[in-house]
Amino acid sequence: MKVRKVRGTRDILPDKIRKWQYIEKIAREILENFGFQEIRTPLFEETPLFSRSIGEATDIVAKEMYTFKDRKGRSLTLRPEGTAPIVRAYLENRLPTPAKLYYLGPFYRYERPQAGRYREFYQIGAETIGSDSPASDAEIISLTMTLLKKLGLKDLILQLNGAGCRKCQPDYKEALKNYFRKKLNSLCDDCKRRYRKNPLRILDCKSKGCQKYIAQAPAISNYLCEKCKATLEEVKKYLDILKIEYTINPRLVRGLDYYTRTAFEITSRELGAQNAIAAGGRYDDLIEDLGGPSTPAVGVALGTDRLILALEREGVRLPVEEGIDVYLASLGTRASKKGFALVQRLREKNLKVEGSLSSKSLKSQLRLANKLGARYVLILGEEELTKKKAILKEMATGKQKKILLNKIVEEISRKVG
RNA sequence: GUGGCUGUAGCUCAGUUGGUUAGAGCACCUGGUUGUGGCCCAGGUGGUCGCCGGUUCAAGUCCGGUCAGCCACCCCA
């Protein structure tokens, strides 16, 4: 039996990894520009960290976590999202407040795979812990938009909403329940379930039958408390200052229980059903819930896989570097030994150098050099050795000239550098 | 978790109403005379037709199961 990759996982192969590296490089640059610092937390944590923060009733906790027992019987879970581990690390290490942290890496959820949805998926995220200023919300949104635009995405929609807080959310949920109670029989089966579990989720049901009732449903904006209202208004003002376009979607809800007040989502029109590239919001109660002092916070998570998918669908070409600087072709054993040393010296000059390790024909060595995208090829054979010169060929033009062996390193690093 | 579509060389796909050694393009390798790439030409390597079982004299082709991918739902980044 052949061993295959586990369902919902992927190998990111060399021909694609440049894109990933480029995206991660740009992401780091922008995040650092915005004053965020990288943090790395473990891929697995104690299970209660997630079940308590994300919410016992959510799908993530109820049926999508990779939970297992270790050899001492402790219940551990592969991280299904990034915020809870960071809050844990923030509290455990008593990081200075406000803490502006970012992370990137893999996350795990047991879902049915689909394009843009994997069981091992990658996210880039940022969290500002310890600031209740709506400017922080706007800053988080701004950095996300800056990154997406810098990478070349155009077809984006930013949706914003006030999700309410501990004070006003219960009132709104009650109002929703009152409203839908009489219509329960007309709603789809999923919504009947949502009615009991989390009435907020009825609001983004896609079924036509439910839509018409949803349109008439009470809007959360009428139920927000003063603080929630003020926060939303301020965030909008800050976004206006930055000229970031958004639409208010009063029915935007997040799937994780810890979100409060600001909720936002950035979608791409290119993506189909799994169209959320980035999403986030405030979670002003989470830190206290996890045993810390009452601390406001706001964050965002970006789906790297979906980001790449959207870039591909929009036909964006990333400026990734390809090819090597020098390929050394050698003929004969004496030349290949000499060449081996030369390759090393060129590499020490921080050049990308490849040399033939087998004694193939010059023709096939040049074919390989071409395939590797070599800018220059150094040809070294018996003839060159006796004359103490090598041939330097520029692949783009095909021009070649002879260079003294002891001047080669200098000459090439001048040309390439 | 539910429904649907798909599954043939590394990749993209052809394979007639089930019938002899399963094809193409790309990729890969070698060659087109002495030590020179990209184009072109010639030749070559490569497939237990996802896997298991069934129907049949005979299955890549039909049926069932299973696994995987995709689409929608669900969920979410």
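From a predicted model like this one, the values you see are computed outputs, not experimental measurements. Letters A, B, ... mirror the listed sequences (proteins, then strands); counts begin at 1.
B:G37: no Watson-Crick or G-U partner with both key distances under 3.5 Å is found in any strand. B:C28 is paired with B:G44 under the criterion used here, namely a Watson-Crick or G-U wobble arrangement in which both key atom distances are under 3.5 Å. Nucleotide B:C62 forms a pair with B:G54, judged by Watson-Crick or G-U wobble geometry with both contacts under 3.5 Å. Within the shown strands, B:C73 is the pairing partner of B:G1 under the Watson-Crick or G-U definition, both distances less than 3.5 Å. Across all strands shown, B:G7 forms a Watson-Crick or G-U wobble pair with B:C67, both key distances being under 3.5 Å.
Taking the charged nitrogens against the carboxylate oxygens, A:Asp240 and A:Lys243 have no contact shorter than 4.0 Å, which rules out a salt bridge. Looking at A:Glu92 and A:Arg88, a side-chain N of the basic residue comes within less than 4.0 Å of a carboxylate O on the acidic one, giving a salt bridge.
Nucleic acid contact for A:Gly398: base, since at least one base atom lies under 4.0 Å from a heavy atom of the residue. Using a 4.0 Å heavy-atom distance criterion, A:Leu331 is classed as a base contact. As judged by a 4.0 angstrom heavy-atom cut-off over every strand, A:Ala279 is placed among residues touching the sugar-phosphate backbone only. Residue contacts shown for A:Gly332 are absent, as no nucleic acid heavy atom lies under 4.0 Å away. If you check every strand for non-hydrogen atoms under 4.0 Å, A:Leu307 touches nothing. Contact annotation for A:Gly116: base contact, defined as any heavy-atom pair under 4.0 Å involving a base atom. Note on A:Leu368: nothing from the nucleic acid sits closer than 4.0 angstrom, heavy atoms only. Within the nucleic acid shown, A:Arg10 has no heavy atom closer than 4.0 Å to any nucleic acid atom. A:Gln274 comes within 4.0 angstrom of a base, heavy atoms only. Within the nucleic acid shown, A:Gln400 comes within 4.0 Å of at least one base atom, counting heavy atoms only. Note on A:Glu383: a base of the nucleic acid sits closer than 4.0 angstrom, heavy atoms only. Residue contacts for A:Lys393: at a heavy-atom cut-off of 4.0 Å it reaches a base atom on one of the strands shown.
Summarising the geometry, the separation between CG on A:Leu366 and P on B:G37 is reported as 6 Å, rounded to the nearest angstrom. Note: OH (A:Tyr327) to P (B:G38) measures 14 Å, nearest angstrom. Atom CZ in A:Arg201 sits roughly 10 Å away from atom P in B:C74 (whole-Å rounding). Nucleotide B:U33 holds its P atom 15 Å from the CG atom of A:Leu362, rounded to whole Å. Between A:Arg4 atom CZ and B:C67 atom C1' there is a gap of 8 Å when expressed in whole angstrom units. Spacing between atom CD1 of A:Ile277 and atom P of B:A77 amounts to 13 Å, rounded to whole angstrom units. Atoms CG (A:Leu271) and P (B:A72) sit 10 Å apart, rounded to a whole Å. A:Gln114 places its CD atom 8 Å from the P atom of B:C73, with the value rounded to the nearest Å.
Between B:A77, B:A72, B:G35, one nucleotide has an atom nearer to the side chain of A:Arg306 than all others, and that is B:A77. Set against B:A77, B:C74, B:U36, the side chain of A:Ile391 has B:U36 as its closest nucleotide. Considering only the side chain of A:Glu64, B:C75 comes nearest among B:C75, B:C74, B:G35. Listed nucleotides: B:C75, B:C70, B:A77. Nearest to the side chain of A:Ala301: B:A77.
When the C1' atom is compared between B:C11 and B:A72, the two are found 28 Å apart, to the nearest whole Å.
For the atom pair A:Ile412 CD1 and A:Asp325 CG, the distance stands at 9.5 Å (nearest 0.5 Å).
Comparing A:Arg112 and A:Tyr118 by the nucleotide of RNA chain B whose heavy atom lies nearest to each, the residue mapping closer to the 5' end is A:Arg112. Between A:Ala396 and A:Lys360, the residue anchored closer to the 5' end of RNA chain B is A:Lys360, taking for each the nucleotide with the nearest heavy atom.
For the pair A:Lys183 and A:Tyr179, the cation-pi test (distance below 6.0 Å, angle within 45°) is passed. Both tests pass for A:Arg10 against the ring of A:Tyr118: distance under 6.0 Å to the centre and angle within 45° of the axis.
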Pair A:Ser356-A:Gln365, side-chain hydrogen bond (donor to acceptor under 3.5 Å, both in side chains): steps then yes or no: CA-CA 7 Å; A:Ser356 75; A:Gln365 290 188 60; 3.0 Å; yes

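Under the stacking criterion of a centre-to-centre distance below 5.5 angstrom and an interplanar angle below 30°, A:Phe121 sits stacked against the six-membered ring of B:A77.
Each of A:Arg313, A:Arg269, A:Lys149 was compared with A:Asp155 under the salt bridge (Lys or Arg N to Asp or Glu O under 4.0 Å) criterion, and only A:Arg269 meets it.
Taking the six-membered ring for Trp and the full ring otherwise, the centers of A:Tyr102 and A:Phe36 sit at least 6.0 Å from each other.
Checked by distance alone, A:Gln365 brings no side-chain donor or acceptor within 3.5 Å of a matching partner on the base of B:G35. In the interface, the side chain of A:Asn370 is paired with the base of B:G37 through a donor and an acceptor atom under 3.5 Å apart. The base of B:G32 is paired with the side chain of A:Lys363 by a donor and an acceptor separated by under 3.5 Å.
Put simply, A:Arg367 has a side-chain N or O that comes within less than 4.0 Å of OP1 or OP2 on B:G38. Residue A:Arg7 places at least one side-chain N or O under 4.0 Å from the OP1 or OP2 atom of B:G69.
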